[in-house]
Amino acid sequence: SIEYIKKIKEFFEKNNFKVEYDREKSDNPDIDFVYMSHAKHFIKSGGGFSSLVEKMVNKNGGKSYV
């Protein structure tokens, strides 16, 4: 949800991380998957969708975190 994303963004900013977020809410998981798969850094959650994204991020030269 948008509120969840805002909380995560605030957390990282409070801990001196630069956060770039340039997407509006999407209702299309395929578009979200492609977008997230090209992230330089990806923080994995516990679901299957997140696990698939993590594999693609790593394959595309990004770094994932658990």
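For this chain, numbers begin at 1 and follow the sequence in order. Worth knowing before you read on, the calculation uses all heavy atoms, side chains too, and leaves out hydrogens, waters and symmetry mates. All figures in this text were calculated on a predicted structure; none of them were measured in a lab.
Residue Lys44 qualifies as enclosed at atom NZ: its count of foreign heavy atoms under 6.0 Å is above 12. Tyr65 OH: more than 12 foreign heavy atoms inside a 6.0 Å radius.
Ile31 and Val34 fall into different hydrophobic clusters, defined by Ile, Leu, Val, Met, Phe, Trp and Tyr side-chain heavy atoms under 4.5 Å apart, directly or through other members. Hydrophobic clustering of Ile, Leu, Val, Met, Phe, Trp and Tyr side chains at less than 4.5 Å, counting indirect connections, keeps Ile8 apart from Ile5. Grouping the Ile, Leu, Val, Met, Phe, Trp and Tyr side chains by contacts below 4.5 angstrom, directly or via other members, places Tyr4 with Val19.
With hydrogens and angles disregarded, no donor-acceptor distance shorter than 3.5 Å links the side chain of Asn60 to the backbone of Gly62.
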Criterion side-chain contact (heavy atoms from CB on, under 4.5 Å) on Phe33 and Met56, from CA distance to verdict: CA-CA 9 Å; Phe33 180 80; Met56 292 305 298; 3.6 Å; yes
Verdict with reasoning, Ile43 to Phe12, per side-chain contact (heavy atoms from CB on, under 4.5 Å): CA-CA 12 Å; Ile43 300 170; Phe12 281 101; 3.0 Å; yes
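A salt bridge is absent between Lys6 and Glu10; no separation between the charged side-chain nitrogens and carboxylate oxygens falls under 4.0 Å.
For the residue pair Met36 and Val57, the shortest heavy atom distance occurs at O-CG2, 3.3 Å. The minimum heavy-atom distance between Val66 and Glu54, with the atom names listed, is CG2-OE2, 4.5 Å. Across every non-hydrogen atom of Ser45 and Ser50, the tightest pair is N-OG, 2.8 Å.
Lys55 NZ to Ser37 OG: the interatomic distance, rounded to the nearest 0.5 Å, is 12.0 Å.
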